2 protein chains.
Amino acid sequence: MAGKKEQDASTEEKILAAARVVFTRKGFAATKVRDIAAEADINLSLVNYYFRSKEKLFEVVMAEAVQKLVFEISTFFNDEQLSIPEKITKAVNYYIDLLLENPDFPLFLVNEIITGDDMFTRFAQQNTLFQSHLIRQLFAMKEEGKLAVHPVHIMMNVIGLVVMPFLARPILERNDLVKDGEFVTLMNERRMLIPLWLKGMLG
Amino acid sequence: MAGKKEQDASTEEKILAAARVVFTRKGFAATKVRDIAAEADINLSLVNYYFRSKEKLFEVVMAEAVQKLVFEISTFFNDEQLSIPEKITKAVNYYIDLLLENPDFPLFLVNEIITGDDMFTRFAQQNTLFQSHLIRQLFAMKEEGKLAVHPVHIMMNVIGLVVMPFLARPILERNDLVKDGEFVTLMNERRMLIPLWLKGMLG
DNA sequence: ATTAAAATTGAACAGTTGTTTAAAAAGGTT
DNA sequence: AACCTTTTTAAACAACTGTTCAATTTTAAT
C-alpha cells in the first residue's frame, strides 16, 4: 500500500488528464466519476483503483492548479532583488501566459472557494503570496509616506486587473463586445497596460 | 395552473429565502432539495409543490441575483445625462453597497457561469451592460483620440476593481492580511479610490 | 355545518452516484 | 510451464436525490 509501482503510468495519467478537464469545466459537485471514466475512456472502477476516491482525485487536480497559480507567482513576489514595478511586471506576464493556456482556471478556483470545505484553505495556508517580500515593500513604502493607500488595495488591484477578464470572458464574447480571437489581443495589450496603470496607483 | 393564489405567501417565501441562502453558499449542484427544506424548516414536498422543480426554483433565485447585479446597474450606464466619471462613480457606489450586503453574490454568479447550461446565458442575453450608453461614450472618446485603449479594458477594470476584493475576501481574511471588520473599511475607501484610479486610466 | 379547494405530510418511487467485490485478463519472474 | 502480482472488467450494493402520490389537515366560502 505504501510504495507506488512504476512501469505503466499510462492509465493513471489518462485518468488524471480527464479529471483535469472535467473538474475544471464543471466543478467538483457537478462532476460524476462516470464522466471522468468516459472522458478517459477507461473502466469506471479504475478511478477508485488508482485514486482512492473522487475527493482524493480532486485534491490532486486542485493541488496542481494552486501550485501553478499561487506558488510559482510567489517566486517573483519574494525575489528581494526586484523592485515593486519589476515584480508586478513579471507577475502580470506570468499570469497572462498561464491563463491564456488555462482559461478555465479562475472559474475553477473561484468555484471551489465557494463549495470547498477545507480543501482550498489547506493550500492557501502555506501561501506565501500575502506574506511576501512585495507586501513588505509596500508596507515600507506606506510607512515612508510614499504610498497613499493600504497595500492590500494594490494587491487586490493586480490580481483583479489580471484575472477578471478571464472570468468575464464568456459574457464578453457572448455579447459580441469582443470578437473571436480579439480576446487574446486584448490580454496581450494588458501586459503593458496593467503595470502602467499600477504605476499610476502607486503615486 | 395559470393563476397564482394569494393569501398565504409565508411558506413560499420561506422556501425562497432558504433557497437564496443555500444556493448562494453552495451552488446549484452541491445544493440538495432537502437542504433547502431543512433551512426553510418545512416539509420536503412543499419545495416541489410551490416551485415545480429544483431547477425552476434556482432560476428564480438566479434571476433575482442577476436583476440586482446587472439590470439595476445598467440604469446608471444608460443615463445619457451622466458623464463617464459620474457613471463610474455611481456604479462603483451601487456595487459596493450591494456587495457589502450580499458578499456571496460574486462567488455565486461565477460559480454558475462555470456549471450553468444556458441559465446564465439567457439572462446575459438581455443584458444592457455591454451595449450601454457608457460603452458608446467610451467608443466615441476613442474615436476622438482622447482614449488610448480599447473601451473594453475600461469596462473590465471597473468591474474587476469592484468585484475582485469580494472574491478574494476569504483568502485575505484567512491570511490575516485583513483584520476583522477592516474589510468594510477598505471597501469604503475604494468608493473614492476606484473612480480616481479610473480617471488616471482614461487619460 | 357542509363542502370544496388548498396546503401539508409521510412514504415511496425510480434513477443516479460513489464505492466495493469477485472474477478474469495481462504481465512478469523463476 | 507454473506461480504470483498487477491490472482490468462487469456487476452489484447501499446510500442519496429529485420527484410524485395518496392521504390527511387546514382554510375559506356558502
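Convention: sequence-line order gives letters A, B, ...; per-chain numbering from 1. Please read these numbers as outputs of a predicted model, since none were measured by experiment.
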*Identify whether NZ of Lys or CZ of Arg in B/Lys14 sits under 6.0 Å from the centre of the six-membered ring of B/Tyr50 and within 45° of that ring's axis.*
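That pair does not qualify as a cation-pi contact.
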*asked:* Cation-pi check for A/Phe28 against A/Lys54: NZ or CZ below 6.0 Å from the six-membered ring centre and within 45 degrees of the axis, yes or no?
replied: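 Output yes; distance and angle both within limits.
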*Partners passing side-chain contact (heavy atoms from CB on, under 4.5 Å) against A/Leu98 (at least two apart in sequence or in another chain)*: A/Lys68, A/Leu69, A/Tyr94, A/Asn102
Using whole Å, report how far [atom1] of [X] lies from [atom2] of [N].
{"X": "A/Ile15", "N": "C/dG18", "atom1": "CD1", "atom2": "C1'", "value": "15 Å"}
{"X": "A/Glu13", "N": "D/dT7", "atom1": "CD", "atom2": "P", "value": "15 Å"}
{"X": "B/Arg34", "N": "C/dC13", "atom1": "CZ", "atom2": "C1'", "value": "11 Å"}
{"X": "B/Tyr50", "N": "C/dA6", "atom1": "OH", "atom2": "P", "value": "11 Å"}
{"X": "A/Lys54", "N": "C/dT20", "atom1": "NZ", "atom2": "P", "value": "15 Å"}
{"X": "B/Glu12", "N": "C/dA6", "atom1": "CD", "atom2": "P", "value": "14 Å"}
{"X": "A/Phe28", "N": "C/dT17", "atom1": "CZ", "atom2": "C1'", "value": "12 Å"}

*Quick one: are B/His150 and B/Phe139 in side-chain contact, heavy atoms under 4.5 Å?*
yes
*Which nucleotide in D/dT17, C/dT19, C/dA7 has an atom nearest any side-chain atom of B/Lys32*: D/dT17
*Nearest listed nucleotide, side chain of A/Val33, among D/dT17, D/dT19, C/dT19*: C/dT19
*Any chance you could lay out the ring pair (Phe, Tyr, Trp, His ring centres under 6.0 Å) test for A/Phe23 and A/Phe108, step after step, and finish with the verdict?*
CA-CA 8 Å; A/Phe23 276 139; A/Phe108 171 61; 7.5 Å; no
*Please say which of B/Ile159, B/Val162, B/Leu161 ends up in a side chain to side chain contact (heavy atoms under 4.5 Å, CB included) with A/Met164.*
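Checked B/Ile159, B/Val162, B/Leu161 against A/Met164; only one passes side chain to side chain contact (heavy atoms under 4.5 Å, CB included): B/Ile159.
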*Any residue of residues 41-49 of chain A with a heavy atom less than 4.0 Å from an atom of DNA chain D*: A/Asn43, A/Ser45, A/Leu46, A/Tyr49
